[in-house]
Chemist: 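Pasting a structure here, questions to come.
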Amino acid sequence: MTTRETERRTTMGEAAADLVMNQGDTVTMNTVLDDVAAERLKRKQRLAASLRIFGKFGFDEGVAGHITVRDPEHTDHFWVNPMGRSFKQMRVSDLLKVDHSGNVVEGEGLLNGAAFAIHSRIHMNHPEITAAAHSHSVYGKSWSSLGRKLDPLTQDSCAFYDSHAVFEDFTGVVLDVSEGDRIADALGDNKAVILQNHGLLTVGESVDEACWWFVTMERSCQAQLMAEAAGTPKPIPHEVAASTAEQVGSHLAGWFSFQPLYDVIVAEQPDLLD
C-alpha cells in the first residue's frame, strides 16, 4: 500500500468512525490502479458517467459546460467532452484527449474554447487536481450573480465552509487563457470557485469527487436561495461548521458520495461505457 493510500485510509477512519459503524475493510478506497491503461479507462468511464449525471440533473445549457480529467500517463493532457454533443448522450468513445497547447491528440469532435481556456490552466497550475467540472446550472448561475460565498446554512453546505472562493472578474465567454490563469489563481487550494455572473466550478482528486462537489454545491445554492426568499436563515456557528466540514468535505467523502450516483447511471444508461 502506498503512503497516499495509507493516508486516505487514515482520513476515512477518522472522519467516518462514527458515521459508518461497521466499515471494516468493506469500503473500496479511491486508489490509483497500477496499470496505466486500466486507470485511464476508469477515469474515462467516470467522466462519461459524470456528464450523463449532469444531463440527468438538468445542468446542461445548450453547448455550455465541461468536465475534464487528467490523463494518468501523459499528465500534461486531459480528457474532455466534445462541444456540441449532449451530456445526455455522452459515451466513453466520444471523449477527446487534449494537450495543454490545445491540440486534440485523440478522439474526434470539436474542442470547446472555453473548456480549454479554463481547464488547461487549472490542470497546469494545480498538479494536485485530477478533475474539474463546470456548467451553467440554474441555481449555480443564479447564486453567482450575487457575488457571494455560500453560508454554512446546512450540513451539506458545510462541505464548502472555508473551502471555496469567488472569482469576480467576469468579462464574457472565457476564451483567453490569461483569464483561465486568473480563475486558477482564484481557486487556490479550495474545492470550488463561484464564477460571478457565470456559474460554479468544482475540482477534486478524482472525477468522482469533482462531480459530487458540483452536484451538492448546486443544491446548496438552491437551498440558500430558497431559505433567503422565505426569511432570514440562521447560519451554523463557526466551530460546528468547521467540524462538520471535516466530516463531509474531505476528498474521500466527496469520492464516496459519488458512488451511488455512478451505480445508478450505469445501470440506467449502460451505453455510456461504449
Side-chain angles (χ1 to χ4, degrees), residues 1-9 12 25-55 66-83 85 87-112 115-116 119-134 202-214 251-252 254-274:
M1 182 181 297
T2 66
T3 301
R4 186 180 185 186
E5 290 167 359
T6 301
E7 290 175 350
R8 284 177 169 176
R9 285 186 179 273
M12 184 66 178
D25 293 325
T26 62
V27 178
T28 302
M29 311 309 290
N30 175 33
T31 56
V32 176
L33 303 178
D34 292 331
D35 184 275
V36 171
E39 174 63 22
R40 178 180 293 116
L41 178 59
K42 184 185 80 169
R43 293 186 184 190
K44 292 172 67 178
Q45 288 175 335
R46 280 156 178 75
L47 175 53
S50 295
L51 291 159
R52 290 286 184 109
I53 289 167
F54 271 33
H66 16 83
I67 308 177
T68 57
V69 62
R70 191 187 301 274
D71 186 80
E73 180 180 13
H74 307 112
T75 55
D76 57 347
H77 292 62
F78 58 87
W79 294 88
V80 64
N81 51 298
M83 185 178 186
R85 182 162 181 81
F87 291 167
K88 299 180 178 72
Q89 296 180 313
M90 204 63 61
R91 301 170 302 177
V92 169
S93 57
D94 294 321
L95 301 173
L96 306 179
K97 185 180 180 183
V98 181
D99 67 20
H100 287 173
S101 296
N103 300 304
V104 177
V105 299
E106 189 172 335
E108 297 181 359
L110 301 175
L111 174 60
N112 186 317
F116 170 71
H119 291 254
S120 67
R121 267 38 199 178
I122 288 175
H123 287 295
M124 287 177 66
N125 288 287
H126 295 282
E128 76 283 3
I129 290 174
T130 299
H134 166 67
T202 58
V203 300
E205 291 186 350
S206 63
V207 187
D208 313 50
E209 183 188 348
C211 180
W212 172 251
W213 294 142
F214 194 98
H251 295 298
L252 273 174
W255 172 85
F256 193 70
S257 294
F258 174 83
Q259 302 316 304
L261 298 181
Y262 180 78
D263 292 342
V264 170
I265 202 70
V266 170
E268 291 178 345
Q269 304 176 33
D271 65 300
L272 72 86
L273 300 176
D274 293 345

Chemist: Apply side-chain contact (heavy atoms from CB on, under 4.5 Å) to the pair Phe116 and Arg121, showing each step before the final yes or no.
Modeler: CA-CA 8 Å; Phe116 170 71; Arg121 267 38 199 178; 4.2 Å; yes
Chemist: Could I get the full list of side-chain contact (heavy atoms from CB on, under 4.5 Å) partners for Asp99, not counting sequence neighbours?
Modeler: His77, Ser101, Asn103, Val105
Chemist: Quick check: do Phe78 and Lys97 have side-chain heavy atoms less than 4.5 Å from each other?
Modeler: no
Chemist: Given side chains that start at C-beta, do those of Val264 and Ile53 come closer than 4.5 Å, heavy atoms only?
Modeler: no
Chemist: Under 3.5 Å, which donor-acceptor pairs link side chains of residues 265-274 to any protein atom two or more places apart or in another chain?
Modeler:
from, atom 1, to, atom 2, distance (Å)
Glu268, OE1, Lys56, NZ, 2.7
Glu268, OE2, Lys56, NZ, 3.2
Gln269, OE1, Arg52, NH1, 2.7
Asp271, OD1, Arg52, NH1, 3.4
Asp271, OD2, Arg52, NH2, 2.8

Chemist: Quick one: closest heavy-atom pair of Met90 and Leu51, and the distance?
Modeler: CG-CD1, 3.5 Å
Chemist: Are any non-hydrogen side-chain atoms of Arg40 and Asp71 less than 4.5 angstrom apart?
Modeler: yes
Chemist: So, for Trp212 and Gly254, which heavy atoms are closest and what is the spacing to 0.1 Å?
Modeler: CB-O, 3.4 Å
Chemist: Any chance you could measure Arg43, atom CZ, to Asp208, atom CG, to the nearest 0.5 Å?
Modeler: 10.5 Å
Chemist: Between His66 and His134, what is the ring plane arrangement, given parallel below 30°, perpendicular above 60°, and tilted in between?
Modeler: tilted
Chemist: Please determine whether side-chain contact (heavy atoms from CB on, under 4.5 Å) holds for the pair Glu205 and Glu128, giving the CA-CA distance in whole Å, both sets of side-chain angles, and the decisive distance to 0.1 Å.
Modeler: CA-CA 7 Å; Glu205 291 186 350; Glu128 76 283 3; 5.9 Å; no
Chemist: Within a strict 4.5 Å, meaning less than it, do heavy atoms of the Glu209 and Phe258 side chains meet?
Modeler: no
Chemist: If you define the side chain from C-beta out and look only at heavy atoms, does anything of Asn112 sit under 4.5 Å from Val80?
Modeler: no
Chemist: Mind checking the OG-CG spacing from Ser120 to Asp76? Nearest 0.5 Å is all I need.
Modeler: 11.5 Å
Chemist: So Trp79 and Thr68, do their side chains get closer than 4.5 Å, heavy atoms only?
Modeler: no
Chemist: Looking at every non-hydrogen atom in both residues, tell me the closest pair between Ala210 and Ala133 and how far apart they are.
Modeler: O-CB, 4.1 Å
Chemist: Applying the side chain to side chain donor-acceptor pair (under 3.5 Å) test to Asp94, which of Arg85, Lys44, Gln89 qualifies?
Modeler: Arg85
Chemist: The test is side-chain contact (heavy atoms from CB on, under 4.5 Å); show your working for Ser50 and Ile67 and say whether it passes.
Modeler: CA-CA 8 Å; Ser50 295; Ile67 308 177; 3.8 Å; yes
Chemist: Identify, with sequence neighbours excluded, every residue that meets side-chain hydrogen bond (donor to acceptor under 3.5 Å, both in side chains) alongside Arg70.
Modeler: none
Chemist: Is any side-chain heavy atom of Ser206 closer than 4.5 Å to a side-chain heavy atom of His251?
Modeler: no
Chemist: Let me see the working for Lys88 and Phe54 under side-chain contact (heavy atoms from CB on, under 4.5 Å), right down to the final yes or no.
Modeler: CA-CA 8 Å; Lys88 299 180 178 72; Phe54 271 33; over 6 Å; no
Chemist: For residues Glu106 and Leu96, determine if any side-chain heavy atom of one lies less than 4.5 Å from a side-chain heavy atom of the other.
Modeler: no
